Amino acid sequence: MSPNPVSSTPVLRTALRWGLLVGLGVVVLAAIVGVVVGGADGLWSGVIGALVGVLFPALTAVSILVGNHWFGTPNYLQIFFGVVMGGWILKFVLVIVALLLLMRVEWLVTPVFYGALVAAAVASLVVDLIVLSRMRLPGVSDTTLPQTNPED
């Protein structure tokens, strides 16, 4: 493992931290709207929709952070690609399975569920945009320049 972390690690950690905080706010708001619209069924529909909308985008950042643990090793690119693509495929399958299963639930208030899902996904994107726009990364990062003059 490399003693120097990848320069994207602080950005991803900050995005995850803020994304989870904003996501918690969306869950609370979705629960309140759900109760008003559909009672107890609406409450749980809003909570589940918001959780799906918050957790699935976070899985991408988590997979990148996991892949970054091998930075500096000879097979870093292969491991990183495998972890990120494996995580993406797993996430894709889980979203499809979760939505198919949730659509069969009798008590699910579909408009509340989808509204919370979309609100959480948009909130996650907004957090990512804000975090990325405020973080400072060099144009070329994670490289080591030669210490000697090649012309000598």
Side-chain angles (χ1 to χ4, degrees), residues 1-34 43-105 108 110 112-152:
M1 305 295 167
S2 172
N4 299 326
V6 180
S7 60
S8 65
T9 298
V11 175
L12 291 168
R13 285 186 180 154
T14 303
L16 275 174
R17 192 176 306 116
W18 281 103
L20 291 177
L21 286 172
V22 169
L24 181 62
V26 173
V27 169
V28 170
L29 185 63
I32 293 169
V33 171
L43 175 131
W44 291 111
S45 300
V47 167
I48 292 171
L51 287 175
V52 169
V54 168
L55 293 178
F56 280 100
L59 288 177
T60 300
V62 169
S63 69
I64 293 170
L65 285 170
V66 169
N68 279 346
H69 281 293
W70 284 274
F71 179 73
T73 62
N75 293 326
Y76 167 68
L77 288 177
Q78 293 86 347
I79 294 169
F80 181 82
F81 181 77
V83 168
V84 173
M85 286 305 294
W88 185 83
I89 291 170
L90 176 67
K91 183 171 75 166
F92 185 72
V93 169
L94 286 176
V95 165
I96 291 172
V97 169
L99 291 178
L100 287 175
L101 290 175
L102 286 169
M103 290 303 106
R104 295 176 186 241
V105 175
L108 189 76
T110 309
V112 174
F113 173 79
Y114 281 123
L117 178 71
V118 169
V122 169
S124 176
L125 289 172
V126 168
V127 166
D128 290 348
L129 276 171
I130 291 171
V131 168
L132 289 173
S133 69
R134 293 186 179 185
M135 297 303 267
R136 299 287 185 217
L137 287 175
V140 178
S141 61
D142 305 326
T143 60
T144 305
L145 296 175
Q147 300 299 321
T148 60
N149 187 350
E151 296 175 0
D152 290 340

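Numbers for residues simply follow the sequence, beginning at 1. As the structure is a prediction and not an experimental result, all values here were calculated from the model.
In plain terms, the two heavy atoms of Val83 and Ser63 that are nearest each other are CG1-O, 3.3 Å. Taking every heavy atom of both residues into account, Ala123 and Val22 meet most closely at CB-CG1, 3.8 Å.
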Any chance you could lay out the side chain to side chain contact (heavy atoms under 4.5 Å, CB included) test for Leu101 and Val105, step after step, and finish with the verdict?
CA-CA 7 Å; Leu101 290 175; Val105 175; over 6 Å; no
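Here the side chains of Ile64 and Phe80 are in contact, with some heavy-atom distance below 4.5 Å. Counting heavy atoms from C-beta on, the side chains of Phe113 and Leu99 come closer than 4.5 Å.
Atom-to-atom distance recorded for Trp70:CH2 and Asn75:CG is 11.5 Å, nearest 0.5 angstrom. Ile130 contributes atom CD1, which lies 13.0 Å from atom OG1 of Thr14 (distance to the nearest 0.5 angstrom). Atom CG of Leu94 sits about 11.5 Å away from atom CZ of Phe92, to the nearest 0.5 Å.
Within the structure, side chain to side chain donor-acceptor pair (under 3.5 Å) contacts touching residues 83-95 (residues at least two apart or in different chains) are Thr60-Lys91. Screening residues 113-125 for side chain to side chain donor-acceptor pair (under 3.5 Å) gives no qualifying pairs among residues at least two apart or on separate chains. Sequence neighbours left out, not one pair with a member in residues 21-32 passes side chain to side chain donor-acceptor pair (under 3.5 Å).
Partners of Tyr76 under the side chain to side chain donor-acceptor pair (under 3.5 Å) rule, at least two apart in sequence or in another chain, are Asn68.
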Could you list the donor-acceptor pairs under 3.5 angstrom formed by side chains in residues 46-54, with sequence neighbours left out?
none

With a 3.5 Å cut-off and sequence neighbours excluded, list the donor-acceptor pairs that the side chains of residues 25-34 form with protein atoms.
none

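Test Asp128, Val62, Val11 against Leu16 for side-chain contact (heavy atoms from CB on, under 4.5 Å) and you get one pass: Val62.
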